[in-house]
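Since the structure comes first, as structure tokens, the remarks are kept for the end.
Here the structure is a predicted model, which means the values were calculated and not measured. Just the heavy atoms: all of them, side chains too, but no hydrogens, waters or symmetry mates, feed the values below.
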Amino acid sequence: MPDYGAALSLPIPTGERLLADLEQLATFVEPDTPGWTRRFPSPAYLAGRVWLQAAMQHAGLTPRIDAAGNLLGTRRGTADLPPILIGSHTDTVLGGGRYDGTLGVLAALEVVRCFNDAGITLRHPLIVADFLAEEANAYGISCVGSRGLAGTFQSAWLARTLDGVTLERAIQAAGGDPAGLIGPLYAPGALAACLELHIEQGPVLAQAGRSLAAVSGIVGIQRGTLRLRGQPDHAGTTPMAMRHDALAAAAVLITTLEQLCHAGPQTVGTIGRLEVQPNQSNVVPGEVLLTAEIRSLNPAVLAQVWQQFWARATAATAQRGVTLELVALTSSPPVTSPAWLVELVHRVCCSLDEGALVLPSGAGHDSSQLAQIAPTAMIFVPSAGGRSHCPDEDTAPHHLRLGGAALARAVLALDEALA
Ligand code: HGY
Ligand code: MN
Ligand code: MN
């Protein structure tokens, strides 16, 4: 087994450039939105990526945008080997925080600068990636870029429209070429390994008082958009027994999913998005479009809970004379990182925090897609109070810095370990 001597003694960077970059990227936000909102395909998001592309160039990387719209900056290696890829995403949810995704991208950039400063060359080429549109967006698709890269993107999704703009057009506006999305952009084996540094977004590290974790696996996510069609009627004159209230039926679906996931082992479920028609206080709701998602590390549980939810939703809507239709479904299977890679990452984490944990991710990540084509693992740093997907999301500077150091050491260890 390699001893990773050079990797494990790499100095911890001051973190000042990383903190400054995080602050700089946080200035690119959509106007009149809460927190640090930078969603695909907003102008603020695209402007942030223009800034990032310049920062990549400044760090000596050669940036390009691939067919899926991913911004990839390459550093050359000294041998003819497949690249190691490190990165994450710079889009946010509505009302998101400053670190979800951005830390993984900007720390990857800082790793390159630290290697440059220290005169470190790698045998493998190193790619810093900003994956396009990781968060579930108004098109109803998450991980647009990483799915495209890994070949799990469905071309039928390109026709989806938001405010008259198709997803195809939106990817083009981000510099991508959706016509090229036929099969993976890197065939299995064409990337040596992928690493993603991310905030944990949950409470485990903070509660344990630890600074780092190697991530053993990532939950699978089953996400569906459901259309409930009832009948819009006068809210004063329509007797209760004559109503076909689509929102009342949706309310049953919401509590049903909550009950199923409370009862089921290792499962969480959320209905976080509703569109109500006509959305008028004195009209019985005629139509609801809702998005439901279920997450679990266990694929059998995921399939079973979704099936139970669908059966109970069908019965509850039928009882109210409301029709139920599945409009769209995305399914990301749970991912288990290769044991050797988790061990390598854990060893690196322990060199910086001797009690570093190994834990699974309840959040979805680009790494779930990358794992389909390359050995992939993640590193977590704590989220204060376990909070994320909200403006209060916070990670102490000390932890951001250790996360960057862990990523750098893991890259060096991988460069040594991989043939
Ligand atoms: O939805 C998620 O888990 C993520 O943070 N993209
Ligand atoms: Mn997120
Ligand atoms: Mn994220």
Side-chain angles (χ1 to χ4, degrees), residues 39-41 68 89 91-96 100-101 131-148 150-162 167 170 198 201-202 217-228 250 252-262 264 266-276 288-314 317 324-335 360-372 388-389:
R39 291 168 297 181
F40 169 78
H89 61 97
D91 62 317
T92 71
V93 294
L94 174 63
D100 174 359
F131 295 109
L132 187 73
E134 189 271 350
E135 300 289 0
N137 50 57
Y139 289 102
I141 313 282
S142 62
C143 299
V144 171
S146 51
R147 284 181 202 272
T152 57
F153 186 89
Q154 294 175 26
S155 40
W157 294 336
L158 292 173
R160 292 194 184 185
T161 303
L162 169 66
L167 179 56
H198 207 283
Q201 307 183 271
I218 304 172
V219 287
I221 307 178
Q222 185 84 12
R223 190 177 279 137
T225 301
L226 280 54
R227 178 174 284 119
L228 286 72
V252 177
L253 267 55
I254 293 169
T255 51
T256 296
L257 184 63
E258 191 184 35
Q259 282 160 12
L260 283 172
C261 293
H262 264 302
Q266 320 152 331
T267 322
V268 292
T270 308
I271 293 180
R273 181 176 164 85
L274 287 181
E275 277 176 40
V276 181
V288 171
L289 200 64
L290 66 79
T291 305
E293 60 153 64
I294 298 173
R295 304 186 183 209
S296 176
L297 285 162
N298 182 329
V301 167
L302 200 60
Q304 190 197 3
V305 176
W306 182 262
Q307 218 170 23
Q308 287 171 336
F309 171 63
W310 184 253
R312 299 215 354 216
T314 306
T317 45
L324 178 67
E325 179 199 350
L326 183 64
V327 180
L329 189 68
T330 56
S331 186
S332 303
V335 159
S361 173
H365 297 288
D366 291 306
S367 288
S368 295
Q369 308 304 321
L370 304 173
Q372 313 301 319
S388 184
H389 279 190

Flag side-chain contact, heavy atom, 4.5 Å: V335 against Q372: yes
Check whether S146 reaches the backbone of V144 with its side chain - one donor and one acceptor, N or O, closer than 3.5 Å. no
Just wondering, do W306 and L260 contact through their side chains at under 4.5 Å, heavy atoms? no
Would you call the rings of H198 and H365 parallel, tilted or perpendicular if under 30° counts as parallel and over 60° as perpendicular? perpendicular
Run the side-chain hydrogen bond (donor to acceptor under 3.5 Å, both in side chains) test on S332 and R223 for me, step by step, so that the C-alpha distance in whole Å, both residues' side-chain angles and the decisive distance to 0.1 Å come before the verdict. CA-CA 9 Å; S332 303; R223 190 177 279 137; over 6 Å; no
Once rounded to the nearest 0.5 Å, what's the spacing between atom CZ of F153 and atom SG of C143? 11.5 Å
Between S296 (side chain) and L302 (backbone), is there a donor-acceptor pair under 3.5 Å? no
Considering non-hydrogen atoms only, spot the tightest contact between A250 and L290 and give its length. CB-CD2, 3.8 Å
Measuring from atom CD1 of I294 to atom CD1 of I271, what distance do you get when rounded to the nearest 0.5 angstrom? 9.0 Å
For the student: nearest non-hydrogen atoms of G364 and I221, plus distance: CA-CD1, 3.9 Å
Looking at C261 and V268, what are the two nearest heavy atoms and their distance? SG-C, 3.7 Å
Distance (rounded to the nearest 0.5 Å) between S142 OG and E134 CD: 6.5 Å
From CA spacing to verdict: side-chain contact (heavy atoms from CB on, under 4.5 Å), L326, L226: CA-CA 5 Å; L326 183 64; L226 280 54; 3.7 Å; yes
Does any part of the side chain of Q369, heavy atoms only, come nearer than 4.5 Å to the side chain of F131, both counted from C-beta? no
Enclosure of E325 CD (heavy-atom neighbours >12, cutoff 6.0 Å): yes
Would you give the length of the straight line joining atom OG1 of T225 to atom CD of E293, rounded to the nearest 0.5 angstrom? 10.5 Å
Using atom types as modelled and distance alone, determine if a side-chain donor or acceptor of R160 lies under 3.5 Å from a backbone N or O of Y139. yes
One should read off an interatomic distance between W310 CH2 and L253 CG, to the nearest 0.5 angstrom, of 8.5 Å
After noting the C-alpha distance and the side-chain angles of H389 and D100, does the key distance pass the side-chain hydrogen bond (donor to acceptor under 3.5 Å, both in side chains) rule? CA-CA 8 Å; H389 279 190; D100 174 359; 3.1 Å; yes
Gap separating the OG1 atom of T270 from the CG atom of L257, nearest 0.5 angstrom: 7.0 Å
Tell me the closest heavy-atom pair linking A68 and G145, and the distance in Å. CB-O, 3.6 Å
Can you tell which of L94, V93, D91 makes a side chain to side chain contact (heavy atoms under 4.5 Å, CB included) with R39? L94
For the residue pair L297 and P360, what are the closest heavy atoms and their distance? CD1-CB, 3.6 Å
If you take all heavy atoms of D366 and H89, which pair is closest and at what distance? OD2-CB, 3.7 Å
